[in-house]
Amino acid sequence: MLAAFKKEQTYWLLLLPLVGKACMVHIGFWLKPAASLLQEDIYYIWLEGNRIINGENPYARILASDMNFNNKYATYFPVTYLLSALVQKLGLTTFADWIYFWRPVSLIFNIGIATLVLKFFRDRSLTLLGLAAAMTLILGRWSIYIVRVHHIEFPAIFFLLLSLVLLNRQRTLSLLALSLSLGIKQVAIFLLPLYLIYLWQTGDKNNRFKNMFLELLLIGSIPLLTSLPFIVADAESFIKSILFSATRFGDAHIIAAPSFDVVLAKKFTWFSGLIAKAPMLLLMGIIYLSYLKEKAGMWVCCTMVMMTFVYFNSILFLQYIIWPVCLVPFELAAHMQKKLA
């Protein structure tokens with residue numbers, strides 16, 4: 001019992017400097033005026049919330065598009081838009097108010113990610129290595145970028161990591177956490193096949209189909225319930241908005257590092273839109289097959305899928321890079337635990 005107490009005490013003592021470092025990084029960027037963020041996604045999330053309050057459908061603008069070129073369309077599930085609307089309804093009506101609200105929220109979830117990392121390593125008797133991993137995720141350039149532009153990555157990634165950590169122990173909470181991650185930002189949708197394989201293989205053999213259906217409903221519950229009013233109001237605009245990320249041209253990639261399909265499209269102009277996603281989806285399919293047939297671990301497969309997304313998606317924004325980066329420490333710790341065993 002004394003050893004367990006000392007282990008717990010060490011954990012909290014190591015967590016304190018992480019919290020301090022996170023606060024330093026975040027507060028350093030809180031000095032930026034809200035007006036400097038008017039071209040960032042966080043502004044358009046506030047704007048979509050404002051449109052909802054004014055009785056407008058944030059997804060309706062997509063109907064005037066050709067589904068190829070972006071005009072800051074609402075492409076997320078409505079969780080963050082509804083949060084923005086709620087905050088404004090509560091009296092924080094200006095964009096500056098929204099930023100003052102969002103900054104501590106982002107900080108809390110950034111600390112939450114570091115906390116999950118440190119605990120995951122500590123539980124495997126790798127506390128010092130966990131401290132290094134958590135510090136990397138607090139002070140690394142990709143985290144600093146998220147802090148600087150106020151993107152919504154931290155809460156989405158936190159709930160994904162929480163889901164994976166809980167998957168073996170608290171199945172229902174794990175699937176709800178995944179549902180919330182998808183509701184905030186649907187990047188983790190590419191991990192859904194891995195979850196379905198896991199649920200199928202570990203479920204009750206006598207009620208597999210029923211349980212799989214209920215668990216799939218659980219995963220989709222938050223995106224579906226929050227989207228239902230918009231689907232009922234105008235299903236076409238909602239579906240097109242959510243699909244836009246898959247059909248848009250690769251015009252916003254980092255020029256010095258184009259994706260494979262963007263390079264190919266220079267010679268074969270027809271290789272764009274959904275067709276251009278074929279190489280990425282094929283590679284992801286191989287990873288899913290490895291998880292199914294070769295019994296590759298969940299953490300390593302999730303990391304590989306997110307790496308494939310970053311490497312091969314037509315559109316690359318800097319905030320995407322943090323998704324596989326946050327998964328890598330967990331995969332390493334899980335792998336080292338097997339080696340030590």
Side-chain angles (χ1 to χ4, degrees), residues 32-106 109 146 149-157 159 179-189 217 219-252 273-274 314-315 317 319-320:
K32 291 178 61 176
S36 66
L37 299 167
L38 293 178
Q39 298 303 314
E40 302 296 343
D41 285 359
I42 196 67
Y43 168 74
Y44 291 95
I45 290 172
W46 172 83
L47 188 60
E48 302 302 359
N50 188 258
R51 285 175 173 145
I52 291 173
I53 288 176
N54 292 327
E56 300 176 40
N57 183 346
Y59 299 102
R61 293 190 307 116
I62 197 74
L63 296 177
S65 96
D66 58 3
M67 296 296 289
N68 292 323
F69 296 100
N70 191 23
N71 187 25
K72 295 295 183 181
Y73 299 116
T75 57
Y76 304 146
F77 286 116
V79 169
T80 49
Y81 304 143
L82 291 171
L83 176 63
S84 169
L86 176 62
V87 168
Q88 293 177 57
K89 274 289 190 181
L90 292 174
L92 301 177
T93 57
T94 68
F95 175 58
D97 292 334
W98 165 246
I99 289 298
Y100 296 144
F101 165 81
W102 180 254
R103 282 170 171 165
V105 171
S106 182
F109 283 108
I146 301 299
V149 297
H150 294 60
H151 277 306
I152 60 174
E153 251 67 18
F154 290 143
I157 291 173
F159 285 112
S179 183
L180 187 50
S181 176
L182 293 172
I184 296 168
K185 194 167 187 176
Q186 59 264 38
V187 174
I189 193 68
L217 280 181
I219 293 172
S221 59
I222 294 174
L224 181 61
L225 290 174
T226 55
S227 300
L228 203 55
F230 303 100
I231 295 172
V232 171
D234 189 347
E236 181 185 3
S237 67
F238 178 81
I239 293 170
K240 283 187 173 181
S241 293
I242 299 302
L243 288 177
F244 179 74
S245 297
T247 64
R248 64 182 294 187
F249 284 152
D251 61 335
L274 287 173
S314 306
I315 309 297
F317 296 114
Q319 61 266 28
Y320 291 169

- [ ] Measure the CD1-CD distance between I231 and E236 for me, rounded to the nearest 0.5 Å.
- [x] 13.5 Å
Task: Separation between OH of Y43 and OG of S84, rounded to the nearest 0.5 Å - done: 11.0 Å
Open item on the list: Are Y81 and Y44 packed together at the side-chain level, in the sense that at least one heavy-atom pair is separated by less than 4.5 angstrom?
Closed with: no
Open item on the list: For Y76 versus Q186, what's the shortest heavy-atom pair and its separation?
Closed with: CA-OE1, 3.6 Å
TODO: Quick one: closest heavy-atom pair of T75 and S245, and the distance?
DONE: CB-OG, 4.0 Å
Open item on the list: Test your reading of the model: is there a side-chain donor-acceptor pair from T93 to the backbone of Q88, 3.5 Å cut-off?
Closed with: no
Open item on the list: Is it the case that the side chain of S179 and the backbone of I222 share a donor-acceptor pair, with hydrogens and angles ignored and the cut-off at 3.5 Å?
Closed with: yes
Task: Residue pair L38 / F95, side-chain heavy-atom distance below 4.5 Å - done: yes
Open item on the list: Rounded at 0.5 Å granularity, tell me how far CD1 in I242 sits from OH in Y73.
Closed with: 14.5 Å
Open item on the list: Counting C-beta onward and ignoring hydrogens, is there a side-chain heavy-atom pair between I62 and S65 closer than 4.5 Å?
Closed with: yes
Open item on the list: In the structure I gave you, are the side-chain heavy atoms of I52 and P58 within less than 4.5 Å of one another anywhere?
Closed with: yes
Task: Side chains of R103 and K32 in contact at under 4.5 Å (non-hydrogen atoms) - done: yes
- [ ] Side-chain contact test, heavy atoms from C-beta onward, threshold under 4.5 Å: evaluate it for F244 versus Y59 and give yes or no.
- [x] no
TODO: Apply the test side-chain contact (heavy atoms from CB on, under 4.5 Å) to residues H150 and I99: give CA-CA distance (whole Å), side-chain angles for both, the deciding distance (0.1 Å), then the verdict.
DONE: CA-CA 8 Å; H150 294 60; I99 289 298; 4.3 Å; yes
Open item on the list: Is there a side-chain contact (heavy atoms from CB on, under 4.5 Å) between Y100 and L92? Walk through the geometry before answering.
Closed with: CA-CA 9 Å; Y100 296 144; L92 301 177; over 6 Å; no
Task: I184 side chain near I152 side chain, heavy-atom distance below 4.5 Å - done: yes
TODO: Identify the heavy atoms of S237 and A60 that sit nearest to each other, and give their distance.
DONE: CB-CA, 3.9 Å
- [ ] First locate atom OG1 of T226, then atom CG of L82, and finally report the distance between them rounded to the nearest 0.5 Å.
- [x] 6.0 Å
Task: K72 NZ to E40 CD distance, which is reported to the nearest 0.5 Å - done: 7.0 Å
Open item on the list: Which heavy atom of R61 sits nearest to which heavy atom of A74, and what is that distance?
Closed with: NH2-N, 4.3 Å
Task: Atom of P78, atom of F230 and distance for their closest heavy-atom approach - done: CB-CE1, 3.5 Å
- [ ] Report the C-alpha separation of I219 and L182 in whole Å, then their side-chain angles, then the decisive distance to 0.1 Å, and conclude whether the side-chain contact (heavy atoms from CB on, under 4.5 Å) test is met.
- [x] CA-CA 9 Å; I219 293 172; L182 293 172; 3.9 Å; yes
- [ ] Could you check if a side-chain atom of I42 sits within less than 4.5 angstrom of a side-chain atom of W98, using non-hydrogen atoms only?
- [x] yes
Task: Heavy-atom neighbours of K89 NZ exceed 12 at 6.0 Å - done: no
Task: Pairwise distance CD1(I239) to CG(L243) - rounded to 0.5 angstrom - done: 7.5 Å
Open item on the list: I'd like to know whether F317 forms a side-chain contact (heavy atoms from CB on, under 4.5 Å) with D41, so could you lay out the CA-CA distance, the side-chain angles of the two residues, the decisive distance to 0.1 Å, and finally the verdict.
Closed with: CA-CA 11 Å; F317 296 114; D41 285 359; over 6 Å; no
